[in-house]
Amino acid sequence: MRFFVRRGIFYVVTAWAAVTINFIIPRLMPGDPVKAIMAKSQGKLDSSAEAAIRTLFGLDEDKSVWQQYLDYWNLLLHGNLGVSFTYYPTPVAEMIQQTLPWTVGLVGIATVVAFLVGTLVGTGIGWRRGTWADSLLPISTFFSAVPYFWLGLVVIAIFSVNLGWFPSSGAYDRSMVPAFTPEFIGSVLYYGTLPALTIVISSIAGWILGMRNMMVTVSSEDYVTVAQAKGLSERAVVFGYAARNAVLPQISSFALSLGFIVGGTLIMEMVFSYPGIGFLLYNATTNHDYTLMQGCFLVITLSVLVANVVADFVYAVLDPRTRQEG
């Protein structure tokens with residue numbers, strides 16, 4: 001219990017620091033977002049509207065930074081992330097709510113597929129090391145070393161431009177209305193195939209390598225030797241003794257990778273023009289939309305933090321030795 005209380009306090013302090021940094025960074029960035037809006041209006045907004053815009057976006061110069069900080073926390077605690085400069089008057093929370101499911105759905109499924117396939121392949125390679133299966137490791141490592149934007153462009157050139165099998169951009173057929181119908185779900189899967197494929201190809205090497213190394217380590221443990229001496233089948237020894245213990249670090253890494261699902265796909269969404277939170281953050285950055293950037297950064301940061309909390313606590317439950325600190 002003492003361990004969990006300590007870790008809980010640590011993550012609460014970390015969350016406070018993340019929110020505070022998220023408040024400070026946009027205010028340290030060069031340029032004035034309100035003046036940018038005034039310039040963008042090309043004279044359509046009267047100069048007297050500047051004060052009203054500052055009040056609207058919480059940048060009132062009459063307020064101290066401390067008061068702005070307190071107002072920021074007050075809005076956050078009420079689920080209010082502000083209003084987008086670019087897409088005014090759409091709330092930032094509503095825009096993130098629209099884009100987040102696309103990112104979580106696509107990258108989540110791709111991450112689970114990469115984890116399962118990579119762990120199974122790593123189990124086989126680690127158990128039968130020294131065979132032809134070892135050649136799969138350098139091949140997968142090669143693809144993981146290729147820059148992601150380059151891999152995405154190559155995949156688009158082959159499967160979209162030359163073969164014409166899959167679309168090169170978007171999340172679904174624009175002629176369809178989003179709905180939970182078999183036709184629309186089929187369109188989403190069809191458009192998401194190439195982005196998901198590139199994520200699996202670029203990330204699977206890490207799962208294979210991690211599982212393979214752990215299998216090599218545990219295969220020489222006494223309990224594996226005893227299981228073999230008892231005459232158990234090879235499948236029972238591999239999955240019931242060796243892989244069962246070797247997979248523990250993989251589970252911890254998988255929990256951490258779930259946190260990066262939200263924020264780790266910026267390049268993929270830019271390459272495929274996929275309407276996820278990464279593409280939204282890219283648009284916010286190019287348009288100097290500070291409130292939208294702030295909202296995206298906050299969601300990404302808290303997602304990683306929550307994943308760390310889950311990974312930390314799950315690992316502590318699975319392995320009691322990690323709780324023996326201090």
Side-chain angles (χ1 to χ4, degrees), residues 86-87 95-121 135-209 257-258 260-287 289 292 296 299-300 303:
T86 309
Y87 305 98
M95 300 192 67
I96 293 176
Q97 191 176 6
Q98 291 174 353
T99 56
L100 197 57
W102 292 105
T103 297
V104 173
L106 174 68
V107 187
I109 292 173
T111 302
V112 170
V113 170
F115 168 74
L116 293 176
V117 175
T119 301
L120 283 175
V121 173
S135 60
L136 294 175
L137 194 56
I139 295 174
S140 61
T141 304
F142 167 77
F143 283 109
S144 69
V146 175
Y148 188 85
F149 71 94
W150 180 250
L151 179 64
L153 293 176
V154 169
V155 169
I156 289 174
I158 296 174
F159 295 102
S160 295
V161 178
N162 291 326
L163 299 176
W165 289 354
F166 298 100
S168 61
S169 63
Y172 58 91
D173 189 343
R174 288 297 178 183
S175 64
M176 303 178 72
V177 178
F180 282 103
T181 61
E183 293 78 14
F184 182 74
I185 293 174
S187 177
V188 171
L189 294 176
Y190 179 55
Y191 275 72
T193 300
L194 280 190
L197 182 65
T198 55
I199 293 172
V200 172
I201 291 174
S202 62
S203 62
I204 197 170
W207 300 118
I208 295 176
L209 185 62
S257 70
L258 292 179
F260 290 97
I261 283 176
V262 175
T265 59
L266 176 62
I267 298 176
M268 181 278 288
E269 292 179 358
M270 288 171 59
V271 171
F272 291 96
S273 298
Y274 199 80
I277 193 170
F279 196 59
L280 183 67
L281 178 59
Y282 169 72
N283 288 333
T285 305
T286 54
N287 292 311
D289 192 336
L292 189 54
C296 292
V299 170
I300 293 170
S303 300

Roughly how far, to the nearest 0.5 Å, is the [atom2] atom of [Y] from the [atom1] atom of [X]?
{"X": "Leu189", "Y": "Ile109", "atom1": "CG", "atom2": "CD1", "result": "7.0 Å"}
{"X": "Ser160", "Y": "Trp165", "atom1": "OG", "atom2": "CH2", "result": "11.5 Å"}
{"X": "Asp173", "Y": "Ser187", "atom1": "CG", "atom2": "OG", "result": "5.0 Å"}
{"X": "Leu194", "Y": "Phe166", "atom1": "CG", "atom2": "CZ", "result": "6.0 Å"}
{"X": "Ile277", "Y": "Thr99", "atom1": "CD1", "atom2": "OG1", "result": "5.0 Å"}

Please verify the inter-ring angle class for Tyr274 with Trp102; under 30° counts as parallel, over 60° as perpendicular, anything in between as tilted. perpendicular

Looking only at non-hydrogen atoms, find the nearest pair between [X] and [Y] and report the distance.
{"X": "Val107", "Y": "Thr111", "answer": "O-OG1, 2.6 Å"}
{"X": "Ile199", "Y": "Ser203", "answer": "O-OG, 2.7 Å"}
{"X": "Ser273", "Y": "Phe279", "answer": "CA-CE1, 4.2 Å"}
{"X": "Leu151", "Y": "Ser202", "answer": "CD2-CB, 4.0 Å"}
{"X": "Gly192", "Y": "Leu106", "answer": "O-CD1, 3.5 Å"}
{"X": "Met95", "Y": "Leu280", "answer": "CE-CD1, 3.7 Å"}

Given side chains that start at C-beta, do those of Leu281 and Ile300 come closer than 4.5 Å, heavy atoms only? yes

Going by heavy atoms in the side chains, are Leu116 and Trp207 under 4.5 Å from each other? no

Reference residue Ile208; test side-chain contact (heavy atoms from CB on, under 4.5 Å); the match among Val121, Ile139, Val117: Val121

Candidate list Val112, Thr119, Val113, test side-chain contact (heavy atoms from CB on, under 4.5 Å), partner Phe115, passing option: Thr119

Are there over 12 heavy-atom neighbours, none belonging to Phe184, within less than 6.0 Å of that residue's CZ? yes

